[in-house]
Protein chains: 2
Amino acid sequence: MNSPDTTPLRSLARLAASDRVAEALSLAIHEHRLTPGTKLGEDDIGEVYGVSRTIVRAALQRLAHIQLVEIHRNRGAYVAQPSQQEAREVFEARELLEPRTAHMAATRATAADIATLRRHISEEHAAMAGGDRGRALHLSGLFHKEIARIAGQETIGGFIATLIARSSLIIALYWRRESALCESHAHHALIEAIAASDGTSAEALMRSHLVDLHTALDLRQTTAPARTLKQALINPGT
Amino acid sequence: MNSPDTTPLRSLARLAASDRVAEALSLAIHEHRLTPGTKLGEDDIGEVYGVSRTIVRAALQRLAHIQLVEIHRNRGAYVAQPSQQEAREVFEARELLEPRTAHMAATRATAADIATLRRHISEEHAAMAGGDRGRALHLSGLFHKEIARIAGQETIGGFIATLIARSSLIIALYWRRESALCESHAHHALIEAIAASDGTSAEALMRSHLVDLHTALDLRQTTAPARTLKQALINPGT
DNA sequence: CGTGGAACTATTGTATACAATATTGTGTCC
DNA sequence: GGACACAATATTGTATACAATAGTTCCACG
């Protein structure tokens, strides 16, 4: 009855196969090794990871649910290409959710949480210094997710996670600045506010940080992104 | 090139099989015909709907993603049982998102939108009068989803949809009043505000409506529902 | 009589085979 | 030479078969 679990680390040690694949694909998308519009053939992916299409399909379905990939019936899965309208919505939603989350995180963060955040930043910094912009972007997303986790809002944190994932696609499509130096600076300021338990400042910093990101995107109606070749030609506006 | 699609109604006419199953299960959960903790065996469901386990698994995975069901590795899928903490989070999130959405809906609603909302209400009223409380609850959820749709915020609307789904489970577990008469009244007032394009009122009405729902739940720490799988199974009163 | 463990059963996890569909290539007719 | 129809190919959709795991039962043993 009360026999202790024989494999306490099971959830970490033995991830389900489809989780592994989904995680790998997600990481590749976050790091911009897979770019929007790329076709994700089931056989190809299965061959890469040494699993059957059953697994791949489950992984793709999961990614489709968080809108990292789009699945077209009988036509396959593609890395999603958020429209400009979707991009606006994603950042509006982030601007609604994340400042509040940052505030909450500031009031709840422990010393260990602060340390984790600092570690994130230093890794991000290192990646940027090493020229691996994709990895830096991924770590930047993890930073935001970590703040949501610290805030202890599981539900809203889940929403934020999907928004961050989509943000990665949006940045791949619509980023217009060359450098993102402001990023690490903004993150650093955020940590200080959180470390000081200054919720109001953290909230304001997060808000301005997101606005900065938003305004660094090129979301003018004129620059329609190149969607799937054929679909773009047949159906221009979506 | 410009050849018209031979099957323009395809997307409506031929829903993917897993979508049908997921929709059916979702409806059953929303209508409280399936209650939290119920085991969802793959073979059983497949037999009911005349599809293979492949389809059922895809459907269950989708429902797991919106947290309507919980999937335990090697142990199967069960209708989810949100904890009291999760319940609080869900309603806090709704109180954050929906008032704003109602405001937006009020500024954008067309005559057709208003008509749709009124139709929803009358159906809900009819279901309640007919004693079908489950169906009334489902329609109540649809009402909220419709408002999000009218607001034109696809992204936030998606979040709200999942929150509404989870709310259905929460109500099944923690509802403490016998009647929900306030419901239809609150919805009626909301429609009037939206029809009058009175965003501020709509926002306030939505907020108080959600607070009413929230406070009508019994979320005291003491009444722990049968959380663990084993306890749920031992308890024969499924 | 209670406990521990090994076989058993039932259910899920995964791979593969087959069916259905979309896309591509080819030939014929105008 | 171009457009259409039809065949060929490739990819996805679904069902089924097999493998692996968790839960259960039953028996031996203390």
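Here is how names work: the chains are called A, B, and so on, in the same order as the sequence lines, proteins then strands, and each is numbered from 1.
- For B/H32, there are no ring pair (Phe, Tyr, Trp, His ring centres under 6.0 Å) partners, not counting sequence neighbours.
- In this model, the phosphate group of D/dT12 is approached by a side-chain N or O of A/K39 to a distance below 4.0 Å at OP1 or OP2.
- B/H30 and B/S26 form a side-chain donor-acceptor contact under 3.5 Å, judged by distance and modelled atom types alone.
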query: Step by step, would you call A/E23 with A/R20 a salt bridge (Lys or Arg N to Asp or Glu O under 4.0 Å)?
result: CA-CA 5 Å; A/E23 196 58 39; A/R20 282 199 322 107; over 6 Å; no
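- Partners of B/E123 according to the side chain to side chain contact (heavy atoms under 4.5 Å, CB included) rule, which considers only residues two or more places apart in sequence or in another chain, are B/R119, B/R135, B/L139.
- Rounding to whole angstrom units, CG of residue A/D43 and P of D/dT9 are separated by 17 Å.
- B/T101 places a side-chain N or O within 3.5 Å of a backbone atom of B/L97 that can act as its donor or acceptor partner.
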Which protein N or O atoms sit under 3.5 Å from an N or O of nucleotides 13-17 of chain D?
from	atom 1	to	atom 2	distance (Å)
D/dG13	OP1	A/N74	N	3.2
D/dG13	OP2	A/R57	NH1	2.3
D/dG13	OP2	A/R57	NH2	2.8
D/dG13	N7	A/R53	NH2	2.9
D/dG13	O6	A/R53	NH1	3.2
D/dA15	OP2	B/S52	N	3.0
D/dA15	OP2	B/S52	OG	2.8
D/dA15	N7	B/T54	OG1	2.8
D/dT16	O4	B/T54	OG1	3.4

